[in-house]
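These notes are about the structure you will find just below.
Keep in mind that the numbers below use all heavy atoms, side chains included, and drop hydrogens, waters and symmetry copies. By convention in this document, chain letters (A, B, ...) are assigned in the order of the sequence lines, proteins followed by strands, and residues within each chain are numbered from 1.
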Amino acid sequence: MYAAQVPKGEKTSWMTEPTSETELLERANKLAGLALGTLAARLSIPVPEDLKRQKGWVGMLLEKALGAVAASRAEPDFLQLGIELKSLPVDHRGRPVESTFVCSIALPEIADIEWEESRAWKKLRRVLWVPVQGKKEIAPADRVIGAPLLWSPGESERMVLRSDWLQLSAMIAEGRTAEITGHLGEALQVRPKAARGSSRRLAFDEDGAIYDEQPKGFYLRPSFTRALLEKHFVLPHE
DNA sequence: TATTGATCATGC
DNA sequence: GCATGATCAATA
């Protein structure tokens with residue numbers, strides 16, 4: 001049915017990994033202006049009424065539409081290209097309405113890792129941001145996809161990210177994870193990341209004693225993603 | 001109302 | 001259980 005409306009060759013291209021940045025960007029540009037319901041119909045993917053029980057639905061949909069390989073791994077979505085795909089929920093002014101999850105924190109190993117070798121940096125060194133209307137008032141099917149941004153942090157952004165990461169990972173390495181809250185970090189913060197409150201993983205305190213604590217992850221604050229969008233797009237003030 | 005802490009689905 | 005994809009919802 002919908003297949004007849006798809007130009008020849010395009011349907012299969014959605015299923016394969018893009019081989020260049022240009023190809024990825026071309027695909028992403030074609031999605032701009034589309035409602036999620038329209039895209040989902042093309043891919044024969046059911047659309048949920050809301051995202052309460054399918055919080056990652058938008059991200060998964062974009063992955064399929066752009067040809068990312070669906071697999072769990074602590075590497076960028078487009079491995080060959082070294083590019084991470086991130087959907088970014090925005091309000092009517094184009095401002096992010098949520099923080100952006102970056103990566104989980106491997107407590108035992110973070111002590112001996114350099115920033116340049118960190119999971120966080122590997123994910124953030126090159127990101128394809130795809131803004132999507134993200135206000136709850138708009139049903140998922142009606143949310144419109146925005147213009148994509150292929151981004152790498154600039155010098156000042158790198159400094160801020162590195163500084164936050166250094167501070168937070170040092171605290172973890174010193175066994176001071178109990179002192180870490182979401183208040184810390186200018187751009188990068190540490191927050192819980194788990195399937196349930198009872199999830200536990202190994203950690204150690206200042207005396208080196210091992211104990212269980214809630215799994216945590218790095219998140220990008222909305223102020224940071226807002227600034228990077230404003231740097232590349234003209235967004236309304238107010 | 002902005003932000004932090006809690007939570008949901010899926011795959012291996 | 002832990003990685004991926006995130007948003008929900010209580011609270012400051």
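In this structure, a donor-acceptor pair under 3.5 Å is present between the side chains of A/R119 and A/S104. A/E213 and A/T177 share a side-chain donor-acceptor pair at under 3.5 Å.
One N or O donor and one acceptor, one from the side chain of A/K193 and one from the base of C/dG5, sit under 3.5 Å apart.
Regarding A/K216, its NZ atom lies at a distance of 13 Å from the P atom of B/dT4, rounded to whole Å. Rounded to an integer number of Å, the gap from A/W57 CH2 to C/dA6 P is 13 Å.
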(message) Using side-chain hydrogen bond (donor to acceptor under 3.5 Å, both in side chains), reason through A/R191 and A/T181 one step at a time and then give a plain yes or no.
(response) CA-CA 7 Å; A/R191 305 225 307 275; A/T181 72; over 6 Å; no
(message) side-chain contact (heavy atoms from CB on, under 4.5 Å), that's the test. Do A/E206 and A/R176 meet it? Break it down for me.
(response) CA-CA 6 Å; A/E206 287 179 274; A/R176 297 162 58 206; 3.8 Å; yes
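Put simply, A/L36 and A/I138 are part of two different groups of oily side chains (I, L, V, M, F, W, Y) that touch within less than 4.5 Å, one to the next. No path of Ile, Leu, Val, Met, Phe, Trp and Tyr side chains, each step under 4.5 Å between heavy atoms, connects A/V58 with A/V97, placing them in separate hydrophobic clusters. Residues A/L24 and A/L61 are members of one and the same hydrophobic cluster, defined by side-chain heavy-atom contacts under 4.5 angstrom among Ile, Leu, Val, Met, Phe, Trp and Tyr.
Set against B/dT3, B/dA9, C/dG5, the side chain of A/D77 has C/dG5 as its closest nucleotide. When distances are taken from the side chain of A/Q54 to each of B/dA9, C/dG5, C/dT7, the shortest belongs to B/dA9. Looking at the side chain of A/R221, the nearest of the listed nucleotides B/dA9, C/dA6, B/dT3 is B/dT3. Checking C/dA6, C/dA9, B/dT3 against every side-chain atom of A/S87, the shortest atom distance belongs to C/dA6. Candidate nucleotides B/dT4, C/dG5, B/dA6 were compared by shortest atom distance to the side chain of A/P192, and B/dA6 ranks first. Set against C/dG5, C/dA9, C/dT7, the side chain of A/K52 has C/dA9 as its closest nucleotide. The side chain of A/L51 lies closest to C/dC8, out of C/dG5, C/dC8, B/dG5. Closest to the side chain of A/A194, out of B/dT7, C/dT7, C/dC2, is B/dT7. Comparing B/dT7, B/dA9, C/dT4 by their closest approach to the side chain of A/R53 singles out B/dA9.
Relative ring orientation between A/W121 and A/W115 is described as tilted, the plane-to-plane angle lying within the 30° to 60° band.
For the helix from B/dT1-C/dA12 to B/dC12-C/dG1, the rotation axes defined at the first and last 5 base pairs enclose an angle of 30°, given to the nearest 10°.
Using a 4.0 Å cutoff on non-hydrogen atoms, the parts of residues 123-148 of chain A near DNA chain C are A/K123, A/K136, ordered by number.
Put simply, the residue from A/Q189, A/R226, A/E186 that forms a side chain to side chain contact (heavy atoms under 4.5 Å, CB included) with A/R221 is A/Q189.
Here A/E84 lies in heavy-atom contact (under 4.0 Å) with sugar-phosphate atoms only. Counting non-hydrogen atoms under 4.0 angstrom, A/P89 reaches the backbone sugars and phosphates but no base. Among the atoms of the strands shown, base atoms are found under 4.0 Å from some heavy atom of A/G56. Contact annotation for A/T181: backbone-only contact, meaning every heavy-atom pair under 4.0 Å involves sugar-phosphate atoms and none involves a base.
Distances shown here put a side-chain N or O of A/R119 below 4.0 Å from the OP1 or OP2 atom of C/dA3. Side-chain N/O atoms of A/S104 include one lying less than 4.0 angstrom from OP1 or OP2 on C/dT4.
Residue-to-nucleotide proximity on DNA chain C shows that, of A/S199 and A/H183, the 5′-proximal contact is made by A/S199.
For A/R125, the CZ atom counts as loosely surrounded, since its 6.0 Å shell holds 12 or fewer non-hydrogen atoms of other residues, nucleotides or ligands.
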